[in-house]
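The structure under discussion appears below in the form of structure tokens.
Worth knowing before you read on, the calculation uses all heavy atoms, side chains too, and leaves out hydrogens, waters and symmetry mates.
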Amino acid sequence: MTATLLRTAADLHARARTGRRAVVMTMGALHEGHATLIRTARTMAGPDGEVVVTVFVNPLQFGAGEDLDRYPRTLDADVELAGESGADAVFAPSVDEVYPGGEPQVRISAGPMGERLEGAARPGHFDGMLTVVAKLLHLTRPDVALYGQKDAQQLALIRRMVRDLNFGVEIVGVPTVREEDGLALSSRNRYLSPAERRTALALSQALFAGRDRHAAQEALRARAREVPATRARAEALSAIGESRAAADAHAVATTAGGPAAVRAAARLVLDEAARLDPPLRLDYLALVDPADFTEIGDEFTGEAVLAVAARVGATRLIDNLPLTFGTLGDAS
């Protein structure tokens with residue numbers, strides 16, 4: 001399948017539409033993570049629908065000293081990959097097409113959520129991101145738009161904007177795509193030297209350590225629910241060798257665990273990576289509520305996001321994993 005390259009909104013609007021239009025927004029330098037988004041969009045659009053991939057390096061979301069000038073631009077390869085993955089068109093507008101007359105005086109504000117984590121590390125980033133997403137949603141007029149869950153805070157803010165400002169579009173998050181060693185796919189990975197890439201694996205390894213600690217804790221909590229509450233039942237189980245397992249389950253499930261244990265397990269990996277050569281320089285490790293990206297407490301239940309950002313050499317990387325926290329409940 002060959003994707004048509006379009007440079008102006010007028011050319012895009014002139015295309016006949018017979019079904020659902022699914023849009024995948026990118027800054028180019030497409031990789032397998034983007035391809036997964038495009039293939040998912042193809043499925044959602046259906047055989048009669050249309051998939052449009054946008055390629056636009058948005059200057060508004062790059063702060064002073066960030067990598068706007070060196071951000072990879074590979075449009076020919078992007079068009080080829082998009083077509084192979086199922087896109088009908090690639091919309092690659094110029095800066096003047098998106099921002100006629102220069103930078104817009106009126107912009108979208110990300111609000112308090114946009115000042116946390118990535119927003120604190122990159123002031124103004126999310127205002128610029130939401131402004132261009134709003135403009136591209138208007139320019140492409142999709143029925144559904146797809147974004148990767150690797151940029152979890154970005155996805156949460158887009159969902160909030162669409163809901164709060166009544167955009168008539170469905171927002172779909174697509175799970176993070178990883179390389180075989182666990183590193184989340186990113187256009188910035190190409191900046192890493194072999195040694196830096198080895199250090200960068202600590203981001204995903206820290207998340208996996210937190211996830212595994214959480215899974216072990218939840219398994220022990222589930223085991224504790226099965227432990228008998230009566231002396232007679234305890235003695236009966238003891239006779240068949242179950243008492244030690246029951247005691248272990250109760251001991252671990254009722255001691256410090258939950259969010260605190262998840263953070264501690266992840267931080268241990270990151271602290272070790274800080275001593276590598278080259279070292280990992282941590283920006284943040286956070287365990288947050290995806291509704292507003294505030295840190296969760298020890299009694300939190302529900303969906304959460306374990307997020308990390310760090311620098312290796314001159315390259316800044318982010319990653320995250322979703323987690324679900326339950327309750328111990330009645331162990332009788």
Side-chain angles (χ1 to χ4, degrees), residues 1-58 61 75-94 97-99 108 110 126 129-177 185 187 290-291 303 322:
M1 185 171 182
T2 301
T4 301
L5 177 61
L6 306 171
R7 291 289 196 171
T8 69
D11 290 338
L12 180 59
H13 297 164
R15 292 175 64 87
R17 294 181 62 168
T18 59
R20 298 185 83 201
R21 174 176 285 175
V23 164
V24 174
M25 294 184 186
T26 83
M27 292 205 299
L30 302 189
H31 49 64
E32 180 57 28
H34 297 109
T36 298
L37 283 166
I38 297 166
R39 288 192 291 267
T40 305
R42 180 76 269 162
T43 299
M44 297 193 71
D48 298 325
E50 181 181 45
V51 174
V52 176
V53 176
T54 70
V55 174
F56 181 67
V57 181
N58 177 35
Q61 64 195 73
L75 184 57
D76 290 343
D78 294 343
V79 173
E80 182 177 358
L81 185 147
E84 292 173 350
S85 303
D88 299 286
V90 172
F91 177 49
S94 65
E97 177 73 13
V98 177
Y99 301 122
I108 301 291
F126 284 126
M129 180 276 294
L130 289 180
T131 298
V132 78
V133 168
K135 289 192 65 99
L136 289 172
L137 287 175
H138 290 312
L139 290 171
T140 59
R141 303 172 184 174
D143 299 289
V144 57
L146 298 90
Y147 302 89
Q149 291 179 358
K150 184 177 78 70
D151 297 296
Q153 193 172 2
Q154 170 181 285
L155 175 59
L157 281 163
I158 292 170
R159 283 177 165 152
R160 173 69 69 171
M161 177 185 72
V162 166
R163 181 169 64 251
D164 288 355
L165 301 184
N166 301 104
F167 281 68
V169 60
E170 178 186 0
I171 302 299
V172 173
V174 177
T176 300
V177 178
L185 288 176
S187 300
E303 300 295 321

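- With sequence neighbours left out, N58 forms a side-chain contact (heavy atoms from CB on, under 4.5 Å) with F56, L60, Q61, Y99, V132.
- The two residues A89 and L6 come nearest to each other via the heavy atoms CB-CD1, 3.9 Å.
- A92 and L75 make their closest contact through CB-CD1, 3.9 Å (heavy atoms, listed as atom of the first residue, atom of the second, distance).
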Let me see the working for V90 and D78 under side chain to side chain contact (heavy atoms under 4.5 Å, CB included), right down to the final yes or no. CA-CA 8 Å; V90 172; D78 294 343; 5.8 Å; no
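- Pairs engaging residues 153-168 under the side-chain hydrogen bond (donor to acceptor under 3.5 Å, both in side chains) rule: none recorded [sequence neighbours left out].
- Take A9 and apply the side-chain contact (heavy atoms from CB on, under 4.5 Å) test, not counting sequence neighbours, and it matches H13, F91, E97, L139.
- To the nearest 0.5 angstrom, Q149 atom CD is 9.5 Å from L37 atom CG.
- For T43, there are no side-chain contact (heavy atoms from CB on, under 4.5 Å) partners at least two apart in sequence or on another chain.
- The structure places CG of D76 at 13.0 Å from CG of L81, a figure rounded to the nearest 0.5 Å.
- Nearest approach of V98 to P93, heavy atoms of both residues: CG2-CG, 3.5 Å.
- Looking at every heavy atom in both residues, A3 comes nearest to A87 through CB-O, 3.7 Å.
- Residues satisfying the side-chain contact (heavy atoms from CB on, under 4.5 Å) test with A156, not counting sequence neighbours, are M113, F293.
- Partners of E84 according to the side chain to side chain donor-acceptor pair (under 3.5 Å) rule, which considers only residues two or more places apart in sequence or in another chain, do not exist here.
- Annotation: the span from L157 atom CG to D151 atom CG amounts to 11.0 Å, rounded to 0.5 Å.
- For E32, the salt bridge (charged side-chain N to carboxylate O under 4.0 Å, His left out) partners two or more places apart in sequence, or in a different chain, are R39.
- Applying the ring pair (Phe, Tyr, Trp, His ring centres under 6.0 Å) test to residues at least two apart or on different chains, the pairs with a partner in residues 15-50 are H31-H34.
- Between atom CG of residue D88 and atom CD1 of residue I38 there is a gap of 11.0 Å, rounded to the nearest 0.5 Å.
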Just list the side-chain donor-acceptor pairs under 3.5 Å for residues 15-25, sequence neighbours left out, or say none.
residue: R15; atom: NE; partner: E50; partner atom: OE2; Å: 2.5
residue: R15; atom: NH2; partner: E50; partner atom: OE2; Å: 3.0
residue: R17; atom: NH1; partner: R141; partner atom: O; Å: 2.7
residue: R17; atom: NH2; partner: R141; partner atom: O; Å: 3.1
residue: R17; atom: NH2; partner: D143; partner atom: OD2; Å: 3.2
residue: T18; atom: OG1; partner: D48; partner atom: O; Å: 3.1
residue: R20; atom: NH1; partner: M44; partner atom: O; Å: 3.4
residue: R20; atom: NH2; partner: E170; partner atom: OE1; Å: 3.0
residue: R21; atom: NE; partner: E50; partner atom: OE1; Å: 2.8
residue: R21; atom: NH1; partner: T140; partner atom: O; Å: 2.7
residue: R21; atom: NH2; partner: E50; partner atom: OE1; Å: 2.8

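- Partners of Y147 by ring-ring contact (aromatic ring centres under 6.0 Å, His included), not counting sequence neighbours: none found.
- The CD1 atom of I158 lies 11.5 Å from the CD1 atom of I108; values are rounded to the nearest 0.5 Å.
- Here salt bridge (charged side-chain N to carboxylate O under 4.0 Å, His left out) pairs that include residues 5-14, with residues two or more places apart or in two chains, number zero.
- Side-chain contact between V79 and V53: absent, with no pair of heavy atoms (C-beta onward) separated by less than 4.5 Å.
- Residues V174 and T36 form a side-chain contact, since some pair of their non-hydrogen atoms from C-beta on lies under 4.5 Å apart.
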